[in-house]
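So that the names make sense, note that chain A is the first sequence line, chain B the second, and so on, each numbered from 1. Basis for what follows: all heavy atoms, side chains included, without hydrogens, waters or symmetry-related copies.
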2 protein chains.
Amino acid sequence: MPGRVIVSRELADIFKILAHPDRVRLVEELGHGEKDVTAIAHALGLPAPRVSQHLAALRSHRLVTDRRAGRQHFYRLTRPGMAGWILDALPFLEVRGPIEGPAQLEEVRKLWAADHA
Amino acid sequence: MPGRVIVSRELADIFKILAHPDRVRLVEELGHGEKDVTAIAHALGLPAPRVSQHLAALRSHRLVTDRRAGRQHFYRLTRPGMAGWILDALPFLEVRGPIEGPAQLEEVRKLWAADHA
DNA sequence: TGCATATCTGCAAATATATGCAAATATGAT
DNA sequence: ATCATATTTGCATATATTTGCAGATATGCA
């Protein structure tokens, strides 16, 4: 059964890269369009070196690509659909107990969007 | 910005749990319906204790629930849609370079389904 | 050239996860 | 009760990840 094993390993690698709150927020941030490292660092309230490391992790599996303009590196999602796909996982998570019904799901979506720039 | 931080942490937790090839295959296995631990262990070619630990991880965030019948524990996905959602990530992964176009995506889907029981 | 800004890389300590195996628990059958 | 089966739990070791910080590289401007 080599086929599934290979694919599941690749999928697990992607999940591993996304398995960090900062990187989840980073991907959602890039869901709105390309941004340079400093802008991302500011938006996320993180030191630039850390953002750079997170981006390196995402780059290692080509989840993001970069475009250099002068001394700034603008990053964007290789597959813009990824940001939306992540939000499709909202029904699976638990914020104060299981989410039952579309009403509570809407709650969580609002919670996510609450402080959007 | 507490809203997004909380949600992103929950999302990252889910990604962390799925960030293991065995658990990815396990979830896909349960996508076809409930199964008991031994059946899963056999299908995945893993020792039962390890499957049990993987299930405990999935259970810890209510990604699976169990039903006991005699000495067997039948597990199933709390949200059956999760199996399909994982497969939606196929366009994001790289099997021998980036996947370009629906043709290569179909390749990967076949690769996944290749040895299905 | 020299200086400031933007980004990246490397290191070390703390923390977390994976793996294999042994032992414990629970259920059902004789 | 005794025994076999099914599942879970615990422990020890190996490996990986996170974090903060320092230093290195690269670009643009005076």
Side-chain angles (χ1 to χ4, degrees), chain A residues 5-6 8-27 29-30 33-78, chain B residues 5-6 8-27 29-30 33-78:
Chain A
V5 173
I6 293 171
S8 63
R9 193 160 45 217
E10 292 275 341
L11 286 169
D13 281 345
I14 288 180
F15 287 130
K16 196 178 302 181
I17 291 175
L18 295 176
H20 192 293
D22 294 344
R23 290 195 287 267
V24 170
R25 289 197 295 150
L26 205 164
V27 169
E29 203 60 41
L30 293 182
E34 67 172 16
K35 274 204 175 69
D36 70 291
V37 180
T38 301
I40 296 168
H42 184 261
L44 270 53
L46 296 174
R50 193 127 94 245
V51 171
S52 181
Q53 284 174 325
H54 286 319
L55 286 168
L58 292 164
R59 223 173 18 197
S60 74
H61 280 254
R62 291 193 228 283
L63 268 36
V64 298
T65 57
D66 62 324
R67 168 181 78 82
R68 308 183 179 198
R71 48 187 145 183
Q72 287 160 311
H73 295 204
F74 288 91
Y75 282 86
R76 60 176 168 177
L77 299 179
T78 305
Chain B
V5 173
I6 293 170
S8 63
R9 193 161 44 219
E10 292 275 340
L11 286 169
D13 281 346
I14 289 180
F15 286 130
K16 197 179 301 181
I17 291 176
L18 294 176
H20 193 293
D22 294 343
R23 291 196 286 268
V24 170
R25 289 198 295 151
L26 205 165
V27 169
E29 203 61 40
L30 292 183
E34 68 173 15
K35 275 203 174 70
D36 69 291
V37 180
T38 302
I40 296 169
H42 183 261
L44 270 53
L46 295 174
R50 194 127 94 245
V51 170
S52 181
Q53 284 174 327
H54 285 319
L55 286 168
L58 292 163
R59 222 172 19 196
S60 73
H61 280 255
R62 291 193 227 283
L63 268 36
V64 299
T65 57
D66 62 324
R67 168 180 79 84
R68 309 183 179 201
R71 49 187 145 182
Q72 286 158 310
H73 295 205
F74 288 90
Y75 281 87
R76 61 176 166 176
L77 298 180
T78 306

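Atom-to-atom, CG of B:Asp36 to C1' of D:dT5 comes out at 12 Å; the value is rounded to the nearest Å. Protein atom CG of B:Leu55 is 16 Å distant from nucleotide atom C1' of C:dA18, rounded to whole Å. D:dT8 atom C1' lies 17 Å from atom CZ of B:Phe74, rounded to whole Å. Atom NE2 of B:His73 is separated from atom C1' of D:dT9 by 13 Å (rounded to the nearest Å). Note: CG (A:Asp66) to P (D:dT27) measures 13 Å, nearest angstrom. In this structure, the NZ atom of B:Lys35 is 17 Å from the C1' atom of D:dA6, given to the nearest Å. In this structure, B:Asp13 atom CG and C:dT17 atom C1' are separated by 14 Å, rounded to whole Å. Atom pair A:Lys16:NZ and D:dT18:C1' shows a separation of 14 Å (rounding to whole Å applied).
With D:dT7, C:dT19, C:dC8 as the choices, the nucleotide that has an atom nearest any side-chain atom of B:His20 turns out to be C:dT19. Side-chain proximity of A:Arg23 to D:dT17, D:dT18, D:dA6: nearest is D:dT18.
Across the strands present, C:dT15 finds its partner in D:dA16; the criterion is a Watson-Crick or G-U wobble pair with both atom distances under 3.5 angstrom.
Inspection of the A:Arg67 and A:Tyr75 side chains reveals no N or O donor paired with an N or O acceptor under 3.5 Å.
Residue A:Arg50 places at least one side-chain N or O under 4.0 Å from the OP1 or OP2 atom of D:dG20. Within the structure, every side-chain polar atom (N or O) of B:Arg71 is placed at least 4.0 Å from both OP1 and OP2 of D:dA4. Close to C:dT7, at under 4.0 Å from its OP1 or OP2, lies no side-chain N or O of A:Arg68.
Within the model, atoms CG of B:Leu44 and CZ of B:Arg25 stand 4.0 Å from one another, a figure rounded to the nearest 0.5 Å.
Counting non-hydrogen atoms under 4.0 angstrom, B:Ser52 reaches a base of the nucleic acid. At the heavy-atom level, A:Tyr75 lies under 4.0 Å from the strands shown only through sugar-phosphate atoms.
Taking for each of B:Val51 and A:Asp22 the nucleotide of DNA chain D with the nearest heavy atom, the 5'-most of the two is the partner of B:Val51. Two residues, A:Gln53 and A:Pro49, neighbour DNA chain D, and the one matched to the more 5' nucleotide by heavy-atom proximity is A:Gln53.
Under the 3.5 Å distance criterion, the side-chain polar atoms of B:Arg68 are left unmatched by any main-chain donor or acceptor of B:Phe74. Of the possible donor and acceptor atoms, none in the side chain of B:His61 sits under 3.5 Å from a partner among the backbone N and O of B:Leu63.
Contact between A:His73 and A:Asp66 at its shortest, heavy atoms only, is ND1-OD2, 4.1 Å.
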